[in-house]
Amino acid sequence: MSKYICPLCKQIGDEVLRITVENIVLDHFKKYLKSSEYGFCKNPDCSIVYFNNETDQILYQRDLKVPVWFKNQENPIICYCGNVTYKDIIEEVVVKKTSSTLADLIKNTNVMKNCRCKTTNPSGKCCQPVVCDVLEHALELRDESKK
Ligand SMILES: [Zn+2]
(Lines give C-alpha, C1' and ligand atoms only; values in the text may rest on other atoms or scores of the structure.)
Protein backbone atom coordinates (compact mmCIF):
# COMPACT_ATOMS: atom_id res chain seq x y z
CA MET A 1 0.00 0.00 0.00
CA SER A 2 1.15 3.51 -0.75
CA LYS A 3 2.66 5.61 1.97
CA TYR A 4 0.37 8.45 0.91
CA ILE A 5 -3.39 8.11 1.13
CA CYS A 6 -5.29 11.38 1.13
CA PRO A 7 -7.13 11.63 4.48
CA LEU A 8 -10.16 13.21 2.83
CA CYS A 9 -10.75 11.51 -0.53
CA LYS A 10 -8.72 8.33 0.27
CA GLN A 11 -6.96 8.40 -3.09
CA ILE A 12 -3.29 7.62 -3.49
CA GLY A 13 -1.10 10.72 -3.70
CA ASP A 14 2.34 11.39 -5.13
CA GLU A 15 5.33 12.10 -2.95
CA VAL A 16 6.67 15.65 -2.82
CA LEU A 17 9.70 16.87 -0.95
CA ARG A 18 9.55 19.35 1.87
CA ILE A 19 11.47 21.93 -0.19
CA THR A 20 8.57 22.04 -2.64
CA VAL A 21 5.94 22.35 0.08
CA GLU A 22 8.00 25.04 1.85
CA ASN A 23 8.03 27.19 -1.25
CA ILE A 24 4.38 26.70 -2.10
CA VAL A 25 2.71 27.22 1.30
CA LEU A 26 1.94 30.68 2.63
CA ASP A 27 4.93 31.93 4.58
CA HIS A 28 3.30 31.69 8.01
CA PHE A 29 2.77 27.92 7.54
CA LYS A 30 6.44 27.24 6.87
CA LYS A 31 7.38 26.94 10.52
CA TYR A 32 4.70 24.33 11.13
CA LEU A 33 5.98 21.89 8.54
CA LYS A 34 7.02 18.76 10.41
CA SER A 35 7.86 16.20 7.74
CA SER A 36 10.59 15.75 5.18
CA GLU A 37 8.10 14.45 2.60
CA TYR A 38 4.42 15.00 1.93
CA GLY A 39 1.69 13.37 -0.07
CA PHE A 40 0.24 15.39 -2.93
CA CYS A 41 -3.45 14.75 -3.60
CA LYS A 42 -4.15 14.41 -7.32
CA ASN A 43 -7.93 14.35 -7.09
CA PRO A 44 -9.34 17.47 -8.86
CA ASP A 45 -12.41 17.49 -6.62
CA CYS A 46 -10.56 17.24 -3.30
CA SER A 47 -9.70 20.40 -1.37
CA ILE A 48 -6.60 18.89 0.25
CA VAL A 49 -3.33 19.49 -1.55
CA TYR A 50 -0.60 18.24 0.81
CA PHE A 51 -0.86 15.77 3.64
CA ASN A 52 1.26 13.54 5.78
CA ASN A 53 -0.31 10.40 7.18
CA GLU A 54 2.26 10.04 9.97
CA THR A 55 2.09 13.57 11.36
CA ASP A 56 -1.60 14.08 10.39
CA GLN A 57 -0.65 17.37 8.83
CA ILE A 58 -2.99 18.68 6.13
CA LEU A 59 -2.64 21.67 3.80
CA TYR A 60 -5.54 22.91 1.71
CA GLN A 61 -5.54 24.99 -1.45
CA ARG A 62 -6.30 28.08 0.65
CA ASP A 63 -3.04 27.56 2.56
CA LEU A 64 -0.93 27.92 -0.59
CA LYS A 65 0.52 30.83 -2.52
CA VAL A 66 -0.43 29.43 -5.91
CA PRO A 67 -3.47 27.54 -7.22
CA VAL A 68 -2.93 23.90 -8.14
CA TRP A 69 -3.57 23.63 -11.87
CA PHE A 70 -5.82 20.56 -11.89
CA LYS A 71 -7.94 21.48 -8.86
CA ASN A 72 -10.85 23.03 -10.74
CA GLN A 73 -9.22 26.25 -11.85
CA GLU A 74 -10.94 28.43 -14.39
CA ASN A 75 -7.65 29.49 -16.00
CA PRO A 76 -5.00 27.22 -14.50
CA ILE A 77 -1.32 28.08 -14.46
CA ILE A 78 0.41 25.61 -16.76
CA CYS A 79 4.04 26.63 -16.36
CA TYR A 80 4.67 27.92 -12.85
CA CYS A 81 8.26 28.99 -13.53
CA GLY A 82 7.21 31.30 -16.34
CA ASN A 83 3.71 32.03 -14.97
CA VAL A 84 2.08 30.93 -18.22
CA THR A 85 -1.62 30.06 -18.03
CA TYR A 86 -3.92 27.80 -20.00
CA LYS A 87 -5.41 30.84 -21.75
CA ASP A 88 -1.94 32.14 -22.69
CA ILE A 89 -1.21 28.90 -24.55
CA ILE A 90 -4.64 28.84 -26.24
CA GLU A 91 -4.12 32.46 -27.30
CA GLU A 92 -0.69 31.66 -28.75
CA VAL A 93 -1.72 28.50 -30.62
CA VAL A 94 -5.38 28.98 -31.51
CA VAL A 95 -5.84 32.73 -31.78
CA LYS A 96 -2.47 34.08 -32.92
CA LYS A 97 -1.46 30.76 -34.52
CA THR A 98 2.19 31.60 -33.95
CA SER A 99 3.13 28.32 -32.23
CA SER A 100 2.44 24.70 -33.11
CA THR A 101 5.25 22.82 -31.39
CA LEU A 102 6.78 22.77 -27.93
CA ALA A 103 9.88 24.46 -29.36
CA ASP A 104 7.68 27.29 -30.72
CA LEU A 105 6.04 27.73 -27.34
CA ILE A 106 9.41 27.91 -25.63
CA LYS A 107 10.55 30.51 -28.15
CA ASN A 108 7.34 32.59 -28.17
CA THR A 109 6.14 32.41 -24.57
CA ASN A 110 7.67 32.14 -21.12
CA VAL A 111 7.10 28.39 -20.80
CA MET A 112 10.03 26.36 -19.55
CA LYS A 113 12.52 29.17 -19.97
CA ASN A 114 13.90 29.13 -16.51
CA CYS A 115 12.90 25.83 -14.92
CA ARG A 116 12.67 25.89 -11.16
CA CYS A 117 9.91 23.32 -10.96
CA LYS A 118 11.09 21.80 -7.71
CA THR A 119 10.27 25.02 -5.91
CA THR A 120 7.62 26.69 -8.08
CA ASN A 121 5.41 23.83 -9.30
CA PRO A 122 3.12 22.47 -6.53
CA SER A 123 3.91 18.93 -7.72
CA GLY A 124 7.65 19.58 -7.50
CA LYS A 125 7.89 18.10 -10.97
CA CYS A 126 8.60 19.60 -14.37
CA CYS A 127 5.61 21.17 -16.06
CA GLN A 128 6.61 19.82 -19.49
CA PRO A 129 4.06 16.94 -19.65
CA VAL A 130 1.27 19.37 -18.72
CA VAL A 131 2.48 21.94 -21.25
CA CYS A 132 2.47 19.18 -23.90
CA ASP A 133 -1.08 18.12 -22.98
CA VAL A 134 -2.36 21.67 -23.27
CA LEU A 135 -0.49 22.16 -26.55
CA GLU A 136 -2.10 19.03 -27.96
CA HIS A 137 -5.53 20.22 -26.84
CA ALA A 138 -4.88 23.68 -28.34
CA LEU A 139 -3.86 22.14 -31.68
CA GLU A 140 -7.09 20.14 -31.74
CA LEU A 141 -9.07 23.32 -31.09
CA ARG A 142 -7.18 25.11 -33.86
CA ASP A 143 -7.79 22.31 -36.35
CA GLU A 144 -11.45 22.17 -35.45
CA SER A 145 -11.85 25.87 -36.06
CA LYS A 146 -10.47 25.38 -39.60
CA LYS A 147 -13.21 22.94 -40.56
ZN1 LIG B 1 -7.68 14.23 -1.67
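In listed order, ligands and their atoms are each counted from 1.
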Peer 1: Side chains of Glu54 and Glu37: does their closest heavy-atom pair fall under 4.5 Å?
Peer 2: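 Side-chain contact under 4.5 Å: no.
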Peer 1: Ion pair present between Lys87 and Glu91, side-chain N to carboxylate O less than 4.0 angstrom?
Peer 2: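 Salt bridge between Lys87 and Glu91, a charged N being under 4.0 Å from a carboxylate O: no.
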Peer 1: Quick one: list whatever passes ring pair (Phe, Tyr, Trp, His ring centres under 6.0 Å) with Phe40, sequence neighbours left out.
Peer 2: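 Phe40 satisfies ring pair (Phe, Tyr, Trp, His ring centres under 6.0 Å) with Tyr50, Phe70 only.
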Peer 1: Quick one: list whatever passes salt bridge (Lys or Arg N to Asp or Glu O under 4.0 Å) with Lys71, sequence neighbours left out.
Peer 2: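 Listed in chain order: nothing, the list is empty.
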Peer 1: Are there over 12 heavy-atom neighbours, none belonging to Ile58, within less than 6.0 Å of that residue's CD1?
Peer 2: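 Above 12, so yes.
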Peer 1: Taking salt bridge (Lys or Arg N to Asp or Glu O under 4.0 Å) as the definition, give me every residue that meets it alongside Glu136, ordered by chain and number, with sequence neighbours left out.
Peer 2: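 Result, salt bridge (Lys or Arg N to Asp or Glu O under 4.0 Å) vs Glu136: none returned.
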Peer 1: Taking 2.8 Å as the limit, list every protein N, O or S atom around the Zn ion (ligand 1), by chain and residue number.
Peer 2: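 Near the Zn ion (ligand 1), below 2.8 Å, one finds Cys6 SG, Cys9 SG, Cys41 SG, Cys46 SG.
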